Engineer: 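Below is the structure I would like to discuss, written out as C-alpha cells.
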Amino acid sequence: MSEPEIREVNYEELPICLELIHVCFKTVADRLNLTQDNCPGHTSYMPIEKLQKFWDWGFHMYGLYEDQKIIGYISISLVPDRENVYAIHNLCVLPEFRKNGYGKQLLDYAKQKAKDLGGKILFVDFIEEDQHLRAWYIKNGFIHKGTEKYAHLIFTVGKAEYLL
C-alpha cells in the first residue's frame, strides 16, 4: 500500500468525488439529525450539477488518493468581492480513513495552494453546532470570526479565517 497523495481531480472524476462527499458528509448529517426534508441544502444531498457548476466557476479541486482510490477531497475558490481571500469547500475524508491525519494533510495542501495563488486569507464556514469541527479548525490555526444564521438552514454557520 502506497502513501496517500494529493492531486487535482479531473472532470470525469466528479461523480466519484460527489459519491465520496455524500458518504463523508452523511456522518455529519446523521449525527446532527439533518435530513433531506429538514435540510435539503446540506452537502450530503448535493446534486452533481452543483459540483459541476463549481468546476465551471474555476474551483480548484483536489483528491487524496491511496492506490488510485480517492479517499479524501477538498476544493478552494477565490471569494467574490474579497481581495486575495480563498475559501475551502467540502473538506472530507472517508470515515474508515479518518484519524490518520489525512484531513490535516488536505487542509495544509489547500493552505499552500491558496498562498501560491496569491491568497492572503483562507476562509472556511462550517456547522457551528459541530464543536469538534470548530475546535479542529482552531487547532489548525484558524481564527473564529463569528456566526451567521440563514433562513434556509436549520443550523448556525460558523466562520473562520487562516492568515496565509
Side-chain angles (χ1 to χ4, degrees), residues 4-32 34-98 102-119 121-128 130 133 136-137 142 148 150-162 164:
E5 66 173 343
I6 299 171
R7 62 177 160 82
E8 278 192 89
V9 300
N10 60 53
Y11 188 83
E12 291 74 30
E13 292 176 297
L14 291 184
I16 297 165
C17 292
L18 183 66
E19 183 179 328
L20 173 98
I21 290 166
H22 285 167
V23 168
C24 293
F25 280 86
K26 177 136 178 36
T27 62
V28 175
D30 289 348
R31 191 173 68 247
L32 299 174
L34 306 176
T35 67
Q36 195 147 19
D37 289 331
N38 69 18
C39 196
H42 186 257
T43 308
S44 59
Y45 309 112
M46 178 171 39
I48 188 66
E49 293 82 11
K50 187 170 184 180
L51 198 59
Q52 290 167 333
K53 189 180 292 185
F54 291 162
W55 177 277
D56 292 343
W57 290 344
F59 280 32
H60 302 268
M61 300 176 170
Y62 307 100
L64 177 67
Y65 295 83
E66 182 180 75
D67 296 326
Q68 304 305 312
K69 177 188 178 199
I70 186 166
I71 63 169
Y73 174 88
I74 192 170
S75 67
I76 60 172
S77 69
L78 193 57
V79 176
D81 304 322
R82 290 193 67 194
E83 191 173 340
N84 301 320
V85 177
Y86 279 80
I88 293 172
H89 309 278
N90 307 131
L91 170 58
C92 61
V93 175
L94 285 172
E96 62 269 28
F97 290 94
R98 292 177 184 165
Y102 298 146
K104 182 177 180 351
Q105 185 180 348
L106 283 162
L107 182 61
D108 290 346
Y109 191 87
K111 288 175 181 177
Q112 188 59 54
K113 284 295 180 182
K115 188 174 185 176
D116 292 349
L117 292 166
I121 294 172
L122 188 60
F123 170 84
V124 66
D125 55 14
F126 52 89
I127 298 174
E128 180 71 17
D130 190 338
L133 186 59
W136 185 80
Y137 278 113
F142 282 75
E148 195 158 342
Y150 297 98
H152 69 286
L153 296 174
I154 64 170
F155 53 82
T156 305
V157 175
K159 299 178 177 294
E161 293 181 351
Y162 179 86
L164 297 169

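Residue numbers count from 1 along this sequence. Values in this document were obtained by computation on a predicted structure and should not be read as measured data.
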Engineer: In Å and rounded to the nearest 0.5 Å, what is the SG to CD1 distance from Cys92 to Ile74?
Structural biologist: 9.0 Å
Engineer: Can you tell me how far the CD1 atom of Ile48 sits from the CG atom of Leu14, to the nearest 0.5 Å?
Structural biologist: 5.5 Å
Engineer: Between Thr43 and Val28, does the side chain to side chain contact (heavy atoms under 4.5 Å, CB included) criterion hold? Intermediate values first, please.
Structural biologist: CA-CA 10 Å; Thr43 308; Val28 175; over 6 Å; no
Engineer: Please report the interatomic distance NE2(His42) to OG1(Thr35), rounded to the nearest 0.5 Å.
Structural biologist: 11.0 Å
Engineer: Apply side chain to side chain contact (heavy atoms under 4.5 Å, CB included) to the pair Glu148 and Asp125, showing each step before the final yes or no.
Structural biologist: CA-CA 10 Å; Glu148 195 158 342; Asp125 55 14; over 6 Å; no
Engineer: Indicate yes or no: does Lys111 engage Asp108 in a salt bridge with an N to O separation below 4.0 Å.
Structural biologist: yes
Engineer: Hey, can you tell me if Tyr102 and Phe97 have their rings parallel, tilted or perpendicular (30° and 60° cut-offs)?
Structural biologist: tilted
Engineer: For Glu128 and Phe155, what are the C-alpha separation, side-chain angles and deciding distance, and is it a side chain to side chain contact (heavy atoms under 4.5 Å, CB included)?
Structural biologist: CA-CA 7 Å; Glu128 180 71 17; Phe155 53 82; over 6 Å; no
Engineer: Looking at CG of Leu107 and OH of Tyr162, how far apart are the two atoms once the value is rounded to the nearest 0.5 Å?
Structural biologist: 8.5 Å
Engineer: Start with the C-alpha distance between Lys50 and Leu18, add both sets of side-chain angles, then the distance that settles side chain to side chain contact (heavy atoms under 4.5 Å, CB included), and finish with yes or no.
Structural biologist: CA-CA 10 Å; Lys50 187 170 184 180; Leu18 183 66; over 6 Å; no
Engineer: Tell me whether the rings of Phe126 and Tyr137 are parallel (<30°), tilted (30 to 60°) or perpendicular (>60°).
Structural biologist: parallel
Engineer: When the ring planes of Phe59 and His89 are compared, do they come out parallel, tilted or perpendicular, using 30° and 60° as the limits?
Structural biologist: parallel
Engineer: Looking at CG of Leu91 and CG of Leu133, how far apart are the two atoms once the value is rounded to the nearest 0.5 Å?
Structural biologist: 8.0 Å
Engineer: My understanding is that only one of Ile70, Leu64, Leu20 makes a side chain to side chain contact (heavy atoms under 4.5 Å, CB included) with Leu94; could you say which?
Structural biologist: Leu20
